[in-house]
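A short write-up of the structure that comes next.
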There are 2 protein chains.
Amino acid sequence: MPGSKSMNVLVRPNIRDAETAISEGILGKMVVLVAGRCRVQYVGRAKSNLEPGERILIIKADGSLLVHRSVGYEPVNWMPGGDVFYNVQAKEQTLQVRAQRKKPAETVNVMFDEIQLVVSLLLSDVGEFSLYASEEDMQRAILLKPDLLEEGFRPISYEKKVAPGFVDVYGEDKDGKFVVVEIKRKTAGKEAAMQLARYIEAVRGRTNREVRGILVAPGTGKDVLRTLAVLGLEYKHLDPRRCAETLTRVRTKKLADFLEES
Amino acid sequence: MPGSKSMNVLVRPNIRDAETAISEGILGKMVVLVAGRCRVQYVGRAKSNLEPGERILIIKADGSLLVHRSVGYEPVNWMPGGDVFYNVQAKEQTLQVRAQRKKPAETVNVMFDEIQLVVSLLLSDVGEFSLYASEEDMQRAILLKPDLLEEGFRPISYEKKVAPGFVDVYGEDKDGKFVVVEIKRKTAGKEAAMQLARYIEAVRGRTNREVRGILVAPGTGKDVLRTLAVLGLEYKHLDPRRCAETLTRVRTKKLADFLEES
DNA sequence: AATTAAATTTCGCCT
DNA sequence: AGGCGAAGTTTAATT
């Protein structure tokens, strides 16, 4: 039973053997690696052509396909996973791997005329992935410790829907003024300032109370501070990493409190 | 001379041999593939942790690093290529591959406790990559055949700088009214409408002539047509693929004319 | 070096 | 199923 092994390796196989190995790998929901000389054509949302050269083709268990050149973070051609239909067939001295999906309608065609390596693998992987210091972490940190924004700030709601979209955090300051907070996890450009301005306008149209707008980010682009000033908005420096640490500290403290109470 | 071969394959190597093969692969600017059980930690712009599991590690000739799980288009961890410093070392029964760069300061740490496969390859690849049906193609198509936008349209300039950014195409219609064109290669959302509105405002502030705004795209989002109507703007359906074909046709025609003249 | 906008963006969340 | 926004977005172009 060739398909039951967790790893198959073919070094410089002939076209026929490569065809079989790749087909079985895809059918068996394995991860398939192919190294060889190929031409690649894509037709779908756009259209592309890649002239012959040596690349690495990866087909994953969910049907996703990647063609990688020898440099670059991004694949030169690809197909995201999902409902992808594969067709693998030897044609004389070439091997064609075609990936096709319906929505959006697109096709990637990889044509090998030389194959150096075919590997198929069954990867056993249930390890959890955790990411810290996202924009959501910053939001949660402010909600848990509002003083991170400013002393006396009290959150009322978050992800509140207003005219064009959602306000990240919404609350009031120590003087009872409404505060609209826009959070960015990295240096904020003028688009962020404009976004906040639009939210502010929407909120001001609904209340007679004074409304402040605060852009929270680890930094600002060149003219952003001036743009904010012109629009009557404010800026508060806040580092996403520090927010993540704050969250950890709060969680730890909560745990300590819990243990103490027990 | 082990480093001079164009492909090395190690199946289930011990830690020491894997260390050597990976180090030499990186030093030799080869593409290195490693399949094995690993834990991955990232610290930099954010922070992440990936618990142990079987994955594929790819290190490319330019120093870029990818860690791929068995599913998904995107790598779970990565490092873009450039000035990346690598450290590969065996520690008892584990193998650590660390990638580090200065700007931005970040580190990816891949720790293997089991290695199924190590492959290093020298990929010979000079094949040209061509992409059609980009937004730029749409712009060029309109400039070459202005009737694609509307009968009688005459372009004056493109990528013209106005207040907040650049107008894609700028011209006048058969009645002498100014026309500002905003191009989107895919379904246009309300952001596109807003963008066009801002450009229109900027242009109107500079002239007494009537100014029309046309959003060009292969489709529109839900409320975009109504938003455009409210703002006094127009929509013109145009398919990026058709634009690309138009370009090809024009080029072919130009060539035919040239041959005829000769 | 900083900024801006596009991308076959992908991905997740929510209506 | 479509709309919306975030992403360790990356990448290329322009100042």
Side-chain angles (χ1 to χ4, degrees), chain A residues 40-48 64-67 71-82 99 101 103-108 129 131-139 159 161 164-166 168 182-192 195 218-224 240-241 244, chain B residues 40-48 64-67 71-82 101 103-108 129 131-139 159 161 164-166 168 182-192 195 219-224 240-241 244:
Chain A
V40 186
Q41 289 181 321
Y42 161 76
V43 178
R45 288 167 291 176
K47 199 166 153 181
S48 76
S64 50
L65 174 149
L66 308 164
V67 179
V71 294
Y73 158 84
E74 288 182 328
V76 60
N77 282 109
W78 72 92
M79 178 89 83
R101 68 169 173 173
K103 270 178 47 134
E106 48 189 357
T107 304
V108 175
F129 178 73
L131 178 68
Y132 314 95
S134 62
E135 181 176 312
E136 195 190 340
D137 278 347
M138 293 179 75
Q139 186 185 99
E159 297 299 334
K161 178 146 184 63
F166 293 85
D168 288 338
E182 174 67 30
I183 303 171
K184 292 294 164 199
R185 68 171 305 283
K186 53 177 187 175
T187 305
K190 70 180 69 171
E191 68 187 359
Q195 200 175 335
T220 63
K222 195 70 170 98
D223 292 331
V224 176
R241 295 278 309 274
Chain B
V40 186
Q41 290 182 319
Y42 161 77
V43 178
R45 288 168 291 175
K47 198 167 155 182
S48 75
S64 49
L65 173 149
L66 307 164
V67 179
V71 294
Y73 158 84
E74 291 181 326
V76 59
N77 283 108
W78 72 92
M79 181 87 84
R101 67 168 174 175
K103 270 180 46 143
E106 47 189 357
T107 304
V108 175
F129 178 73
L131 178 68
Y132 314 96
S134 63
E135 181 174 312
E136 195 190 341
D137 279 346
M138 293 180 74
Q139 186 186 98
E159 296 299 331
K161 178 146 183 66
F166 294 85
D168 288 337
E182 173 67 29
I183 302 172
K184 291 296 164 196
R185 66 173 303 285
K186 53 178 185 175
T187 305
K190 69 182 68 170
E191 68 189 359
Q195 199 175 335
T220 63
K222 196 72 169 91
D223 290 332
V224 176
R241 293 280 309 279

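Since this is a predicted model, take the numbers as computed values, not measurements. Per chain, numbering begins at 1; letters A, B, ... match sequence-line order.
One can place CD of A/Gln139 at 11 Å from P of D/dA6, the figure rounded to the nearest angstrom. A straight line from CG of A/Leu131 to P of D/dA7 spans 8 Å, rounded to a whole angstrom. In this structure, the OH atom of A/Tyr42 is 4 Å from the C1' atom of C/dT8, given to the nearest Å. As a whole-Å value, the separation of B/Leu66 CG from D/dG8 P is 15 Å. The distance from atom NZ of A/Lys184 to atom P of D/dG5 is 9 Å, rounded to the nearest whole Å. Atom CD in B/Glu135 sits about 5 Å away from atom P in C/dA6, given to the nearest Å. In this entry the distance linking CG of A/Asn77 with C1' of C/dT8 reads 9 Å, nearest Å. What separates CG of B/Asp137 from P of C/dA7 is a distance of 9 Å, to the nearest Å.
As rounded to the nearest Å, D/dG8 and D/dC4 have P atoms that lie 22 Å from one another. Across C/dA7 and C/dC11, the matching C1' atoms stand 14 Å from one another, rounded to whole Å.
Inter-residue side-chain proximity for A/Val40 and B/Phe129 is flagged as unmet; no heavy-atom pair is nearer than 4.5 Å. Within the 4.5 Å cutoff, the side chain of B/Ser48 has heavy atoms near those of the B/Asn77 side chain. Side-chain contact between B/Val67 and B/Trp78: absent, with no pair of heavy atoms (C-beta onward) separated by less than 4.5 Å. Side-chain contact between A/Arg45 and B/Lys186 is absent, with no heavy atoms from C-beta onward closer than 4.5 Å.
At the heavy-atom level, A/Gly44 lies nowhere under 4.0 Å from the strands shown. As judged by a 4.0 angstrom heavy-atom cut-off over every strand, B/Ser134 is placed among residues touching the sugar-phosphate backbone only. Among the protein residues, A/Val43 comes within range of no part of the nucleic acid, since none of its heavy atoms lies under 4.0 Å from any strand.
Considering CD of B/Glu74 and CG of A/Leu66, their distance stands at 10.5 Å, rounded to 0.5 Å. Separation of atoms CE (B/Met79) and OG1 (B/Thr107) is listed at 6.0 Å; rounding is to 0.5 Å. Note that CZ of A/Arg241 and CZ of A/Arg185 are 10.0 Å apart. Values are rounded to the nearest 0.5 Å. For the atom pair B/Lys47 NZ and B/Tyr42 OH, the distance stands at 11.5 Å (nearest 0.5 Å). How far CD of A/Glu135 is from CG of A/Asp168: 5.0 Å, rounded to the nearest 0.5 Å.
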Worksheet item: Tell me, for nucleotides 10-15 of chain D in 5' to 3' order, what letter each nucleotide earns: B for a base near a protein heavy atom under 4.0 Å, S for only sugar-phosphate near one, - for neither?
Response: SS----

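Each of A/Thr187 and A/Val108 was matched to the nucleotide of DNA chain C holding its nearest heavy atom; the match closer to the 5' end belongs to A/Thr187. Nucleotides of DNA chain C nearest to B/Glu136 and A/Thr220 differ in position, and the one nearer the 5' end is that of A/Thr220.
Counting only distance, with no hydrogens or angles, the side chain of B/Asp137 and the backbone of B/Ala244 share no donor-acceptor pair below 3.5 Å.
Proximity of B/Arg241 to the phosphate of C/dT8: no side-chain N or O atom is located under 4.0 Å from OP1 or OP2. Side-chain nitrogen and oxygen atoms of A/Lys103 include at least one within less than 4.0 Å of the OP1 or OP2 phosphate oxygen of D/dG2.
Secondary-structure annotation of DNA chain C gives the stems C:1-7 with D:9-15, C:9-15 with D:1-7, with a stem taken as at least 3 successive Watson-Crick or G-U pairs whose two distances both fall under 3.5 Å.
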